[in-house]
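In each ligand, atom 1 is the first atom listed, and ligand 1 is the first ligand listed.
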Amino acid sequence: MNNNIELYIQALDSANCGIIITDNTQPDNPIVYCNRAFETITGYSHDEIIGHNCRFLQGQDRSQPERSYIKKCISEGRDCKIEIRNYKKNGNLFWNELYVSPVKNSEGVVTHFIGVQNDITERKKAEHELREEKSSVERKIQERTKELVDSEAFLSSIVQTVRESLLVLDADYKVLSANTHFLNSFKVTTEDTVGKVLFELGNHQWDIETLRELLMKILPTNNPVIDYEVEHDFPHIGKKVMLLNAYRIEFEGQYKDRILIAIEDITEKKELDRRKDDFLSIASHELKTPLTTIKGLVQLLQRMIPKDSPERFNETLDKVSVYVDRLNVLISDLLDTSKIQSGNIELHVDPFEIDKTIRDTVENLSVSAPNHKISLSGSTNAVILGDELQISQVINNLISNAIKYSPGSDKVDVYINRVGSFVKVSVTDYGMGISSQDKAKIFDRFFRARDIQKKFPGLGIGLYISHEIIANHNGTLWVESEVGEGSTFSFTLPIMKNH
Ligand code: ADP
């Protein structure tokens, strides 16, 4: 038996958890046994432990609710398990996971308690960190959700406020949302619109073959639809011209394959443009008629000059003739512009030798701009089928611009050569050059670079007309330029034959 006890004690001493036995028959339930692990965990020696009530481990930390629970279990002679804060001899806190079980005698009286304890400080710390981590993640999610809700509210308030009709479609072209401007403009309700396929909206008014094709390409190719004009007689609002822009949209990876369509009503703008064009055409016609008469009268006067008229009289009459010609060119340009706009420009097509046309034009200009050296090089021996007058007007225009926009230089180079089945004509100046933003616009009607507006006279239509003339002849006109270094305007024309 004694041997057995020795064995048991050895077994208890080699356990990792602290084990104590208290004697409940003695006052204040003192500890009568503790194993080695209990000493290791608490830092107290065997002698400092035996005889004490377990509460010494709690130090001053007396108000833990677990204490009253354990007290209650002990008084009722029940098993219990608690996690309680205890303190080592050196004062360091450790979390004690404590099992207490009563030992009863044959009469059922509790004579002893056995306490088994584990230091679970590390586990508690890990649990604590996990809880902290979890709550910080939750906090972040809450913040992020709030941000998303805020930004969505922000976006939707923009979408609702813009003075342009906006629709969002899903991949099947079903309307997911329509903003107020859309509903008001087309006099429809949300119910009429949301959830319906775009092409079926309001009597299939958007069911337009080319629009369908463009929209179908957006999602697979990501190619937006830009400035697509739709003219349609809409049921509630009448005939309208709409400008459509459509893009594929993605929202922070939450969804893709949605299409945003912006619809701008340009009916009034178109109408204003039309009136402006009408005005230009009428005004230039009206101006042209008396001017032709004036020109004729000046020519008559020039023929009627008396032999003995003073030199000043002749000079003045010549000047009048020059200015009448200039005015004539300006008005003709305006007239051409309105003709191009309405598609009424006439081409008097005949074969002509381009080298000669260019040579003649350069010669004429050299006479009227004696301070500039216009040098012509290259040749093509090509015959072009087209309107010689118009082509000469283009060359005239390019060389005049080259002179006008190079105040600090007196050199213009004209170069002509063959490129495949085309002739290529280039006019190079060493003047002010054109910025890259302006480059995109100089062939537009009435465009003039901002900084030159006041310094040089002009209407901003010469290049527009030239561009259209070359396009009508199946060629292209383009520019290469560096600000401060100069510009080269080039155009091509298809060759008809050699001469
Ligand atoms: P205009 O000369 O009457 O203004 P154009 O249509 O001929 O009209 O030219 C449009 C604009 O392009 C000019 O106002 C000028 O800003 C720019 N531009 C044309 N040619 C040149 C050039 N050779 N160098 C620099 N800028 C030019």
Residue and atom name of the nearest protein heavy atom (relative to atom 23 (N) of ligand 1), distance in Å to one decimal: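 Looking at atom 23 (N) of ligand 1, the protein heavy atom closest to it is Asp429 OD2, 2.8 Å.
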For atom 17 (C) of ligand 1, closest protein heavy-atom neighbour: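 Nearest protein contact, heavy atoms only, for atom 17 (C) of ligand 1 is Ile442 CG2, 3.9 Å.
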Below 4.0 angstrom from a heavy atom of [X], which ligand 1 atoms are there? Numbered from 1 as shown, please.
X      : answer
Phe447 : 10 (C), 11 (C)
Gly458 : 3 (O)
Ser487 : 24 (N)

Within residues 363-378 or reaching into it, pairs that qualify as side chain to side chain donor-acceptor pair (under 3.5 Å) - sequence neighbours excluded: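 Passing the test, one end in residues 363-378: Ser375-Asp413.
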Contact partition for Phe489 relative to ligand 1, non-hydrogen atoms under 4.0 Å: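 Near ligand 1, Phe489 shows its side chain, while the N, CA, C and O stay back.
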Between ligand 1 and [X], is the shortest N or O to N or O distance under 3.5 Å?
X      : value
Gly433 : no
Tyr464 : no
Gly462 : yes

Aromatic ring proximity, centroids under 6.0 angstrom, Tyr173 and Trp206: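 No, they do not, as the ring centres are separated by 6.0 Å or more.
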Option of least heavy-atom distance to atom 1 (P) of ligand 1 (set: Tyr405, Tyr430, Phe446):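 The option holding the nearest heavy atom is Tyr405.
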Nearest candidate to atom 25 (C) of ligand 1, where distance is taken over non-hydrogen atoms, out of Ile403, Leu330, Ile434: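 Going through Ile403, Leu330, Ile434 one by one, Ile434 has the nearest heavy atom to atom 25 (C) of ligand 1.
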Aromatic plane relationship, Phe443 with His467 - under 30° parallel, 30 to 60° tilted, over 60° perpendicular: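 Geometry flag for Phe443 against His467: tilted rings.
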